[in-house]
Amino acid sequence: MRTKITVIGAGNVGATCAQRILEAGLADVYLVDVVEGLPQGKALDLVEAAPLQHHDQMIYGTNDYSDTTESDVIVVTAGLARQPGMSRDDLLLKNAAIVGGVVRQAVHYSPNAILIIVTNPLDAMVHVALQVSGFPRERVIGMAGVLDSARFRAFIADDLGVSTADVTAFVLGGHGDTMVPLPRYSTVAGIPLPELMKAERIEELVTRTRNGGAEIVALLKAGSAFYAPASSVLHMVDSILDDRKRVLPCAVLLLGEYGIDGLVMGVPIVLGAGGAERIIEVSLTADEKAALHSSAASVQVLVDTMAAAGK
Ligand SMILES: NC(=O)c1ccc[n+]([C@@H]2O[C@H](COP(=O)([O-])OP(=O)(O)OC[C@H]3O[C@@H](n4cnc5c(N)ncnc54)[C@H](O)[C@@H]3O)[C@@H](O)[C@H]2O)c1
């Protein structure tokens with residue numbers, strides 16, 4: 001049997017994910033959207049690129065979830081993207097309804113799949129997917145930290161004039177304004193970042209990382225980032241399908257880890273064929289702990305807002 005990935009939402013992030021997965025030769029892709037013709041058109045375009053991109057993967061566009069039966073991984077990008085001036089949280093209730101609906105339909109046909117959630121506000125949407133799917137927490141994983149840490153790595157590498165390949169970056173917490181980058185766990189070829197960069201400069205890069213999504217939204221005027229988000233999804237899919245057990249920052253339900261119980265937070269996990277196979281706990285300073293708990297508090301507000309709205 002060929003490996004099968006369903007990508008829900010054929011917009012910027014979803015279609016670019018599909019393209020990346022095909023071109024990496026990872027799996028066949030089923031691209032789903034609510035708009036008729038959109039996933040079919042993009043799929044046909046990608047099929048026609050296959051001879052030039054030298055891969056033998058297939059892509060199918062569909063509006064019908066029965067086509068996605070027995071997918072190994074389901075990537076959820078369906079929803080509304082942020083517009084300039086619109087916070088991620090403004091999207092909350094609209095996207096909760098969309099994500100709830102698509103997850104319900106998708107898991108009906110693929111009860112053993114691993115879900116990767118991309119739609120914002122990310123941490124809250126992972127809660128919706130957990131609730132609607134009834135899947136164990138190992139199989140419902142949010143993409144945020146891989147993107148946030150890639151942004152941090154790109155800025156560090158550029159600032160120091162070194163290869164991005166030698167820069168690692170460590171981020172915890174919720175996606176967006178409340179994420180918690182940890183410079184002392186970020187390195188350049190194993191050298192802790194604070195040895196190479198002044199504290200003020202690190203702080204500037206942290207701030208830029210925190211606002212990384214908004215910086216791109218402001219430039220694009222319409223829509224939000226999608227190239228780096230799609231690359232981030234590709235990394236996660238690759239680690240799952242090849243059981244690589246990469247250690248990646250992902251949003252998962254915490255059950256006591258880091259002193260947080262019953263909330264989705266970005267933490268380092270071991271990502272393999274079983275999904276989020278392990279959560280890695282590191283020791284935090286009092287300040288880092290406080291930042292993580294304030295990040296958790298802002299996710300709790302979203303969860304409470306959804307509960308109050310009956311989502
Ligand atoms: N987690 C992250 O780090 C991250 C990064 C980038 C974007 N995002 C989020 O990903 C989502 C998608 O972004 P985008 O730029 O691709 O947006 P987009 O508008 O280009 O695409 C969204 C697609 O979802 C489809 N859609 C809407 N409702 C649907 C439904 N009920 N069923 C199936 N499809 C449906 C739309 O028709 C559209 O094609 C947004 O919520 C965005 O904020 C998250």
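Atoms within a ligand are numbered from 1 in the order they appear, just like the ligands themselves. A quick note: this is a predicted structure, and the numbers were derived from the prediction, not measured.
Evaluated by nearest non-hydrogen atom to atom 31 (N) of ligand 1, the leading choice among Ile98, Val76, Leu220, Leu147 is Ile98. The residue among Gly9, Ala144, Ala251, Gly79 with a heavy atom at the shortest distance from atom 19 (O) of ligand 1 is Gly79. The heavy atom nearest to atom 4 (C) of ligand 1, out of those in Val217, Val118, Ile216, is found in Val118. Distances from atom 35 (C) of ligand 1 to the heavy atoms of Pro39, Cys17, Ala78 put Ala78 nearest. Ranked by closest heavy atom to atom 21 (O) of ligand 1, the top entry among Ala228, Gly11, Ala225, Pro121 is Gly11.
The distance criterion of under 3.5 Å between nitrogen or oxygen atoms is not met by Val32 with respect to ligand 1. Inclusion of Thr119 in the set of residues having an N or O under 3.5 Å from an N or O of ligand 1 is not warranted. The shortest N or O to N or O distance between Thr77 and ligand 1 is not under 3.5 Å.
Shown in contact with Pro229 at under 4.0 Å from a heavy atom are these atoms of ligand 1, numbered in order with element: 5 (C), 6 (C). Within ligand 1, counting atoms from 1 as listed, the ones closer than 4.0 Å to a heavy atom of Val35 are 37 (O). Set against the non-hydrogen atoms of Asn95, the atoms of ligand 1 under 4.0 Å away are 41 (O). Shown in contact with Leu38 at under 4.0 Å from a heavy atom are these atoms of ligand 1, numbered in order with element: 39 (O).
With a 4.5 Å cut-off on side-chain heavy atoms, Leu253 and Leu130 count as touching. Counting heavy atoms from C-beta on, the side chains of Leu254 and Ile279 come closer than 4.5 Å. Put simply, the side chain of Leu26 reaches to within 4.5 Å of the side chain of Asp238, judged on heavy atoms.
Under the 4.0 Å criterion applied to side-chain N and carboxylate O atoms, Glu70 and Lys4 are not assigned as salt-bridge partners. Salt-bridge annotation for Asp287 and Lys289: absent, with no side-chain N of the basic residue lying under 4.0 Å from a carboxylate O of the acidic one. Between Glu257 and Arg137, at least one side-chain nitrogen of the basic residue sits less than 4.0 Å from a carboxylate oxygen of the acidic one, meeting the salt-bridge criterion.
Counting heavy atoms closer than 4.0 Å to ligand 1, residue His175 contributes side-chain atoms (C-beta onward) but none from N, CA, C or O. Counting heavy atoms closer than 4.0 Å to ligand 1, residue Val34 contributes atoms from both its backbone and its side chain. When non-hydrogen atoms are compared, ligand 1 lies under 4.0 Å from the side chain of Leu122 (C-beta onward) but not from its backbone. In Val102, the part holding a heavy atom less than 4.0 Å from any atom of ligand 1 is the side chain.
Heavy-atom contacts from other residues, nucleotides or ligands closer than 6.0 Å to CD of Glu204 number more than 12.
Less than 6.0 angstrom separates the ring centroid of Tyr60 from the ring centroid of Tyr30.
Partner of Pro39 under the side chain to side chain contact (heavy atoms under 4.5 Å, CB included) criterion, out of Leu31, Val32, Val34: Leu31 alone.
Looking only at atom types and distance, the side chain of Asp148 has a donor-acceptor partner in the side chain of His175 under 3.5 Å away.
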